[in-house]
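For reference, the structure discussed in these notes is given below.
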Amino acid sequence: MKAKLKLECISVLIFVILYSCSFAQEDYSPVVQANIKTLENDIFKFAFTARGIVQTDESAPLSERMDEYNIPGLSIAVINNNKLEWARAYGVLRNDSPGTVTEKSIFQAASVSKFITAIIVLHYVEEGIFDLDADVNTYLQSWKIPDNEYTKENKVTLRHLLSHTSGLPSYSGTLRDENAAPPTLAQYIKGEYPAKNAAAIPEFKAGDHWSYSNIGYAVIQLILEDTFRQSLNDIADKVIFRPLHMNSSTFNYPLKKKWQKEEAYPHKTDKTVGSPEQEMPRAMGGFCTTPSDMSKILIELMKAYTGKSEKIISQKTALQMFKSEAQVPPEALGGLSLEMGLGVFLDTSGASLAFLHHGHNSPGTVFLVFAIPEKGQGAVIAANGNIGDRLYLEVLASLSSLYNWESGQFFK
């Protein structure tokens with residue numbers, strides 16, 4: 001009992017020290033320092049109701065909001081003028097042992113993995129290896145999407161898979177027999193034991209409507225690995241990680257030994273430590289990174305969109321990526337009105353287009369990317385708590401106010 005009490009006291013002491021250090025001013029300009037201070041001391045409070053998300057007239061310090069939502073750790077990177085303007089980290093890597101969150105801490109990006117996967121696909125569309133509108137069975141070698149009544153008129157294409165309009169089943173998490181060995185990618189896609197999810201067989205006509213499909217991205221992973229005979233991580237390393245010098249990003253898990261001390265562990269809603277998701281198809285939710293590393297992708301895409309760079313994709317492809325393919329039902333995203341591009345959500349409610357993608361891995365890691373290409377502004381937010389998505393919306397609203405981001409959806 002004494003040993004347990006001692007460990008808890010050490011953890012609390014580290015947490016207190018962390019806050020006193022993390023909230024100290026750094027070598028930033030006075031304007032940036034003021035923005036950081038405002039965010040840390042006075043962020044918007046939201047109410048999360050059955051009717052949707054409502055911004056209240058109240059605000060509170062960031063540390064209080066983290067405590068309110070039982071968020072052990074948080075990491076934020078802010079982009080301005082197509083540059084990483086500042087990055088800060090708060091809290092602990094895991095609630096049951098020493099270890100503070102820093103800018104180098106690696107979080108599961110969850111479904112933001114789909115955003116990365118989409119960029120890879122579009123890179124190869126541009127190279128002429130894939131056609132967005134071809135039957136994906138043209139590329140699948142180890143397995144084919146079975147024909148049924150829904151594929152008679154419309155075959156499933158990469159455009160459908162990327163925009164969640166493929167007609168493939170929608171399910172959350174990794175459905176499998178916990179007492180058996182982890183399913184292979186093929187077993188997930190086929191819905192074969194020990195996987196327990198529905199197989200990747202169309203349930204409605206492709207292109208008919210939007211329906212979020214994790215398994216659709218598992219199929220994309222299979223297309224990539226069938227085509228290049230490499231793992232998804234090796235493909236991503238060639239197309240994205242190395243060109244953008246992303247040295248803290250991977251689709252592989254467990255993490256490399258040198259990174260394990262920086263791993264932000266997921267936490268359940270009661271703040272107890274959970275087990276990281278590691279056995280799902282990686283394209284669905286297996287990407288791990290830091291907000292600072294992730295900001296490099298956002299900056300590159302914003303530059304591509306405005307014709308300032310084409311390291312990964314050209315302006316023509318970026319414009320195609322950020323073109324609406326489907327309307328997302330507001331009830332799917334807590335009342336937010338968004339559209340779906342190719343692997344990315346679009347907010348067209350403001351004067352300038354914004355793109356974003358969120359991620360949530362069970363039992364408790366969340367991730368959010370948000371950017372406004374024409375302004376060269378954006379943010380990456382990661383938290384290791386199960387309802388961290390509530391906190392990242394409050395942080396995003398506060399940043400939107402500080403930086404005059406135009407969308408009225410994120411702050412009133």
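- Side-chain contact between Tyr90 and Leu62 is present, with heavy atoms from C-beta onward closer than 4.5 Å.
- Between Lys45 and Glu394 there is no salt bridge, since no side-chain nitrogen of the basic residue lies less than 4.0 Å from a carboxylate oxygen of the acidic one.
- You'll find the side chain of Gln187 reaches within 4.5 Å of the side chain of Pro194, heavy atoms only.
- Applying the salt bridge (charged side-chain N to carboxylate O under 4.0 Å, His left out) rule to pairs touching residues 286-301 yields Asp293-Lys296, sequence neighbours excluded.
- Within the 3.5 Å criterion, the main-chain N or O of Phe44 finds a donor-acceptor partner in the side chain of Ser398.
- The side-chain contact (heavy atoms from CB on, under 4.5 Å) test applied to Asn137 returns Asp135, Leu140, Lys144, Ile145, not counting sequence neighbours.
- The shortest distance between side-chain heavy atoms of Asn95 and Thr272 does not fall below 4.5 Å.
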Which donor-acceptor pairs under 3.5 Å do side chains of residues 202-211 form with protein atoms, sequence neighbours excluded?
none

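- Of the possible polar contacts, none joining the Thr227 side chain to the Leu224 backbone as a donor-acceptor pair under 3.5 Å is found.
- At least one donor-acceptor pair under 3.5 Å links the side chain of His360 to the backbone N or O of Asn386.
- For the ring pair (Phe, Tyr, Trp, His ring centres under 6.0 Å) test, residues two or more places apart in sequence or in another chain that qualify with His357 are Phe345.
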Dump the intermediate steps for side chain to side chain donor-acceptor pair (under 3.5 Å) on Asp133 and Thr157, then the final yes or no. CA-CA 5 Å; Asp133 299 308; Thr157 69; 4.6 Å; no
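- Within the 3.5 Å criterion, the main-chain N or O of Met302 finds a donor-acceptor partner in the side chain of Thr306.
- Sorted by first and then second residue, the ring pair (Phe, Tyr, Trp, His ring centres under 6.0 Å) pairs with a member in residues 292-322 read Tyr305-Phe322, Phe322-Phe355; sequence neighbours excluded.
- Looking at Asn384, its side chain does come within 3.5 Å of a backbone N or O of Gly73 through a donor-acceptor pair.
- For the residue pair Ser231 and Asn233, no side-chain donor N or O sits within less than 3.5 Å of a side-chain acceptor on the partner.
- Ser249 approaches Thr289 most closely through the heavy-atom pair OG-OG1, 2.7 Å.
- Within the 4.5 Å cutoff, no side-chain heavy atoms of Ile381 are placed close to those of Phe370.
- Partners of Glu310 according to the side-chain contact (heavy atoms from CB on, under 4.5 Å) rule, which considers only residues two or more places apart in sequence or in another chain, are Ser314.
- Residues satisfying the side-chain contact (heavy atoms from CB on, under 4.5 Å) test with Ala110, not counting sequence neighbours, are Asn361.
- Annotation: side chain of Asp347 is not in contact with side chain of Leu353 (no heavy-atom distance under 4.5 Å).
- Every residue meeting the ring pair (Phe, Tyr, Trp, His ring centres under 6.0 Å) condition with Tyr403, not counting sequence neighbours, appears here in chain and number order: Trp405.
- Among residues at least two apart or in separate chains, ring pair (Phe, Tyr, Trp, His ring centres under 6.0 Å) pairs with a member in residues 212-261 are Tyr124-Phe228, His164-Tyr212, His164-Tyr217, Phe241-Phe287, Phe251-Phe287.
- Nearest heavy atoms, Trp143 versus Pro146: CZ2-CD, 3.8 Å.
- Across Val112, Leu298, Leu336, Leu338, a single residue satisfies side chain to side chain contact (heavy atoms under 4.5 Å, CB included) together with Leu356, and that is Leu338.
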Please report, to 0.1 Å, the donor-acceptor pairs under 3.5 Å made by any side chain of residues 74-83, with sequence neighbours excluded.
residue : atom : partner : partner atom : Å
Asn80   : OD1  : Gln377  : NE2          : 2.8
Asn80   : ND2  : Glu85   : OE2          : 3.0

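- No side-chain N or O of Ser292 forms a donor-acceptor pair with one of Thr290 less than 3.5 Å apart.
- Tyr139 and Phe130 have their aromatic ring centers within a separation under 6.0 angstrom.
- Between Thr117 and Gln221, the closest side-chain pair of non-hydrogen atoms is not below 4.5 Å.
- With sequence neighbours left out, the side-chain contact (heavy atoms from CB on, under 4.5 Å) criterion links Gln315 to Leu319.
- Contact annotation: the side chain of Leu255 approaches that of Cys288 to within less than 4.5 Å [non-hydrogen atoms, C-beta and beyond].
- Residue-environment remark: NZ (Lys104) stays at or below the threshold of 12 foreign heavy atoms within 6.0 Å.
- Taking a 6.0 Å sphere around NZ of Lys155, one finds it holds more than 12 heavy atoms contributed by other residues, nucleotides or ligands.
- Side-chain contact check for Leu342 versus Leu122: some heavy-atom pair is nearer than 4.5 Å.
- Screening residues 210-231 for salt bridge (charged side-chain N to carboxylate O under 4.0 Å, His left out) gives no qualifying pairs among residues at least two apart or on separate chains.
- Side-chain contact check for Glu339 and Ser324: at least one donor-acceptor pair (N or O, by modelled atom type) lies under 3.5 Å.
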